[in-house]
Asks: 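Can you read through this structure? Questions will come right after.
In this text, all values refer to a predicted model and were calculated from it rather than measured experimentally. Lettering of chains follows the sequences in order, A, B, ..., and the numbering in each one begins at 1.
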Amino acid sequence: VPQYNPERGVVGKCDMCHNRLEDDMAPACVSACPEGAIQIEIVNIAEWRQDYLSANAPGLPSADDSISTTRVTLPDNLLPDTGRVDTHRIPLEHPHWPLVFVLVLTQLSVGAFAVLWLLDALNHKMGLFPLAFASLGLAAVALGAAPLHLGRPAFAWRAIKGLRRSWLSREVFALSVFAGIAGGFAGMLFLDLPGRPVAGFLTVVTGAIGVLCSAKLYMVPARPAWNSRYTVAEFFSTALLLGPLFVRVMSPDQAWIGWMAVGGAASQLITQTLKFLWMTQSDLFELRASSLLLSGPLRRHLLLRLGVLVAIIAASIMPGSQAMAAAALVLAFAGEILGRWLFFVSVVPKNIAAAFTTAGRAA
Amino acid sequence: VSLLSLLGFDTKQEDYAYARDDSTGFTSARKIPEKWVSTTCGYCSVGCGIDVGVKDGKAIASRPQALHPVNRGKLCPKGLSEHYIIDTENRAKYPLLRKNGKLLRVDWDEALGTMVEKFRGIQKKYGPQALGVLSTGQLVTEEFYTLGKLIQLGFGTTNYDGNTTLCMASAVSGYKLSFGSDGPPGAYEDIEKADVVFLIGANLADNHPILCQYIEANPHKTVIVADPRVTKTAMLADLHLPLKPRTDLALLHGIAHILVAQNMVDREYIARHTSGFDQMVEFLKDYTPEKVSAITGLSQDLIYKTAFLYGRAKAGFIGWTMGVNHSTQGAVTVSAICNLALLTGQIGRTGAGPLSITGQCNAMGTREAGFTSGMPGYRKFDNPTDRAELAAMWGIDEARLPMKRGLAYPDIVEATVANKIKGLWIIATNPLVSYPNQDTLRQGLSNLDFLVVQDGYHPTPTTELADLVLPAAIWGEKEGTYTNTERRVSKVNQAVEPIGEARSDFDIFMAVAEKLGLRDELYPGWRSVEDAFNEWRKISKGRLCDYSGISYPLLAEKGAIQWPFPEGSTDFGPSRLYGDGHYEHADGRAKFVCEEWKPFPEQPGMGYPLILNTGRTVEHWHTRTKTKEVPILERLSPVAWLEMNPRDANQLGLRTHEPVDVVSRRGRVKRVELRLTEIVAPGQVFMPFHYFETNVNEVTQGAFDPISREPNYKQCAVRVERSGATQ
């Protein structure tokens, strides 16, 4: 299991003490275990992939998730109902504040460019470039702030190296390309250059790919509450909600922009409701546990988040002043920040059962 | 934190570098010591051999000694992390004297000068017995021997006892009743060689984990565990006897009844080596399987099975710990265990024997060399030969030896409450966590004129109340010997210099004697702990606990050695007591002890429907002053918990992990995490005692064994309620 070392700013992972193995010495954990409970063996990968059932044990995530090569030898007299003991104590996960803002701001920016592209393509003779630059600025702030989340910000560029395997790399790449093309599109708006529909379209496509990559990044088996299409729906709903509201602050007279925002809010409302119901009905402990967090300690947060969406729908249907549009944007933005915070803290990861008492308090 | 590390350019590569070393192999360079110092673990009394790695004057690693006769290359989690306890934030580093209500740093001269002046003043004003001393089982034997002389001969008070009374006193008293002397008869090897291993009130897997390997190494064992809880040890058993709390004495009598009735007794052994058999047979008639089944809650079948397994064993081992000792009938329960061994002749040979598995690393040292419930060398206060012999060897007037034992630990506390003891010296123990019914203790300590606490750690709940705190060197910082459960004497060596201005307890005792003007008289010509050891060897010569053949050079050469080891002995093999059938009573025989079983004092009912049991967990040591500072232990077990059966919780409407209060007639422990589990039976709850933040001893009962004076920690009546529900 990878572990973050805050003193070093790096993540480390067990390498099976391969240097010790090369010296014909047992790994440190094997030689230290007082009861000899740990052994190390060479795994025949092909055979193991055929039959890895002995990596399963009560209280452990299914071996299917990672084809774990840890063979667990259980006592013969194990009771059939043996299970994890920590099911009644579900801690909130880390909120990852930089990521909350990165996600919401990039999605806002992509949504805003989609509206700008449409506005421009429908020949509105208004100065769209300040909005374009503002949207671009928000995306740039988000992308610039993202490395703050890293242990070694100076090496953020390395993220791009895993393009072939990693959704993180793809996200960074796609959003960077989006920012580049969006910058071009904004410049064309400013200089009133031709070819804007194509440039705008490319901006929206790369942005959408970026949002999709963001979603894919979170869709991992170890986080069941994230590992569904609801994540994709949630991220695109945010774009569809905040993008139009952002643009509408400058051009409140376009009713269809309001309706786009209504669509985004409704889509988010439906997504969140269905996701919650889906989790409550699941056979999977982690999903039920996530729903229990949302209906238990996080109930007020969830109700507030859904209430904001209802309010936005109501407010967007009515034509209003610029001030009202600004208020709607602020409210919706706060609601989505709250939503993304809920997204992070309410996920219950698949992990090895914790000790009976509150280990988290000291860790 | 520098900008370079914030940006991620500095990842402290050097601190985290790896290197190769002959002793450790490829490992973190920080963990490769300059030298390894051989010593003995300072936690429990299993007595594991351990090497401490030292680098730049700091202890940086611990490893088991591969060839040590006790631990055979293994250590438990506490031993493996023991080097972390030395250089911690909460170590006592300087003498502290209370001035105007505040503990202020003073120098050693002022500290000890004030201490002697205050103690002497109290003794002058209220009489010599107005000074009390509470010590420990964690000093080295040399220090116990030195302290005994200092208190009994130097200060001239007999009100001196140790934390061992809260722990092993019942075993001591039981052995004395049965065999005529203290001294655990068996050896660890017996666990491996017996065909029946019978553990009573002993959770080895949590408390003496290294002994479990002896069970595992035994190829033809049947393991029987008698414990009201399904402990980790009970889970290892072939036969678990989930008896009702504190019914062990009835069970033992019931087994003895069946042994006699089925003629599974060794009549020849009984005739040659014991007394009181006929009264015993008469006494046992009443303990029929029907009656014992009703008392213990065990089926007659289980009781018969146990009796037949033990009675027919070629070699039967019985081990016990606090489940037996922490009882108002502890001493006689120990004797009832000895009865079984005597009835069947299962004692003094390989695989056979009763063995009290001791608590603290050197509880045995204080029992042998100490001067509390007896005189050094298992000598009795009322035995004229013992008195004359000891006085002659010390070159003192026999009248200076006390005629009888002074007050025992709980009676010292009661005497502070009654204003009879006005000065108290507490050494290496933390009663404000460990003493039952804390209210009484707090009241007693508040009556004192002067309280001195000598400890390796500060603040602890006890040092915080002190008028004077003396900082002591701890394990790893000083030299001496420990004696383990199986009478094995092991060397303890200094790996690093004491922290701050801390001094070894030996040094402190010598300096106090100096201030008293008695150093030369009490300790003629002594310069080091080895001098103390050599005097103790002479004192022990010819006694059951004969150390005379053991010397520091021999320990360095041969490793740990079991007593008795008389001068000239060459037998380093496992040793047992009473192999010749000669016991220490005046007639040379062992006694059958007949004492009726009684229910524990505070039965549940009247608003307190549950029986509270207390105990330990493998990660922590006693009052947690040491293990709280070891992150890998503390993280595994950071808070106290209360085990309760789900059926009781359903009735009370309580849910697992919610905070609850445990309430007895004496007090309340607030906000304990509830743990619902079938490990405890309905009607019983269990709570560990390590945690001062939620101290179970706020509610435990101050009821004591009339013989051993050991507290009945294991049972009292409580109720459990949701935190915040009342008040």
Asks: Step by step, would you call Lys628(B) with Glu634(B) a salt bridge (Lys or Arg N to Asp or Glu O under 4.0 Å)?
Replies: CA-CA 5 Å; Lys628(B) 179 165 62 74; Glu634(B) 176 70 0; over 6 Å; no
Asks: Heavy-atom count around Glu14(B) CD within 6.0 Å, excluding the residue itself: above 12?
Replies: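 Incorrect, the count does not exceed 12.
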Asks: Less than 3.5 Å apart, which donor and acceptor atoms pair up between the side chains of residues 71-84 of chain B and the rest of the protein, not counting sequence neighbours?
Replies:
unit_1: Asn71(B); atom_1: OD1; unit_2: Gly49(B); atom_2: N; d: 2.8
unit_1: Asn71(B); atom_1: OD1; unit_2: His68(B); atom_2: ND1; d: 3.1
unit_1: Asn71(B); atom_1: ND2; unit_2: Gly49(B); atom_2: O; d: 2.9
unit_1: Asn71(B); atom_1: ND2; unit_2: Lys74(B); atom_2: O; d: 2.9
unit_1: Arg72(B); atom_1: NH1; unit_2: Glu192(B); atom_2: OE2; d: 2.6
unit_1: Arg72(B); atom_1: NH2; unit_2: Glu192(B); atom_2: OE2; d: 3.2
unit_1: Lys74(B); atom_1: NZ; unit_2: Pro34(A); atom_2: O; d: 3.1
unit_1: Lys78(B); atom_1: NZ; unit_2: Val618(B); atom_2: O; d: 2.6
unit_1: Ser81(B); atom_1: OG; unit_2: Pro77(B); atom_2: O; d: 2.9
unit_1: Ser81(B); atom_1: OG; unit_2: Lys78(B); atom_2: O; d: 3.4
unit_1: Glu82(B); atom_1: OE2; unit_2: Gly42(B); atom_2: N; d: 2.9
unit_1: His83(B); atom_1: ND1; unit_2: Ser62(B); atom_2: N; d: 3.3
unit_1: His83(B); atom_1: ND1; unit_2: Ser62(B); atom_2: OG; d: 2.7
unit_1: His83(B); atom_1: NE2; unit_2: Ile60(B); atom_2: O; d: 3.3
unit_1: Tyr84(B); atom_1: OH; unit_2: Lys31(B); atom_2: NZ; d: 2.9

Asks: When you look at CD of Glu678(B), are more than 12 heavy atoms from neighbouring residues, nucleotides or ligands closer to it than 6.0 Å?
Replies: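 Yes, the 6.0 Å shell around CD holds more than 12 heavy atoms from other groups.
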Asks: Below 4.5 Å from any heavy atom of chain A, which atoms of Arg20(B) appear? Answer side chain, backbone, both or neither.
Replies: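 Just its side chain gets close to chain A.
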Asks: Measuring heavy-atom distances to chain A, does Gln13(B) have an atom under 4.5 Å in its side chain, in its backbone, in both, or in neither?
Replies: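 For Gln13(B), backbone and side chain are both near chain A.
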Asks: For atom OH of Tyr218(A), decide whether the heavy atoms of other residues, nucleotides or ligands shown that lie under 6.0 angstrom number more than 12.
Replies: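 Enclosed: over 12 neighbouring heavy atoms sit under 6.0 Å from OH of Tyr218(A).
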Asks: Taking it one step at a time, do Lys232(B) and Asp206(B) satisfy salt bridge (Lys or Arg N to Asp or Glu O under 4.0 Å)?
Replies: CA-CA 7 Å; Lys232(B) 292 173 197 165; Asp206(B) 263 314; 2.8 Å; yes
Asks: When rounded to the nearest 0.5 angstrom, what distance separates OG1 in Thr231(B) from CG in Leu236(B)?
Replies: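 Rounded to the nearest 0.5 Å, the OG1-CG separation comes to 8.0 Å.
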Asks: Select all residues of residues 279-297 of chain A having any heavy atom within less than 4.5 Å of some heavy atom of chain B, and report them by number, or 'none'.
Replies: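 Listed by number, there are no contacting residues, so the answer is none.
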Asks: If you define the side chain from C-beta out and look only at heavy atoms, does anything of Leu175(A) sit under 4.5 Å from Ser214(A)?
Replies: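 Leu175(A) vs Ser214(A): side chains touch.
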Asks: Counting a contact as any heavy-atom pair under 4.5 Å apart, which residues of residues 157-167 of chain A contact chain B?
Replies: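 At a heavy-atom separation under 4.5 Å, chain B is reached by no residue of residues 157-167 of chain A.
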Asks: Go through the structure and list residues passing salt bridge (Lys or Arg N to Asp or Glu O under 4.0 Å) with Lys350(A), not counting sequence neighbours.
Replies: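 Testing Lys350(A) for salt bridge (Lys or Arg N to Asp or Glu O under 4.0 Å), a comparison that skips the adjacent residues, returns Asp65(A).
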Asks: Please look at Pro64(B) and chain A and tell me whether the side chain, the backbone, both or neither of the residue comes under 4.5 angstrom of a heavy atom of that chain.
Replies: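 Neither part; nothing is under 4.5 Å.
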Asks: Using non-hydrogen atoms only, which part of Asp23(A) is less than 4.5 Å away from chain B: side chain, backbone, both, or neither?
Replies: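 Contact with chain B: side chain only.
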Asks: Out of Arg152(A), Glu7(A), Arg8(A), which one racks up the most heavy-atom pairs below 4.5 Å with chain B?
Replies: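 Highest number of heavy-atom pairs under 4.5 Å: Arg8(A).
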Asks: Who wins among Asn5(A), Val10(A), Leu148(A) for the most heavy-atom pairs under 4.5 Å with chain B?
Replies: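 Most heavy-atom pairs within the cutoff with chain B belong to Asn5(A).
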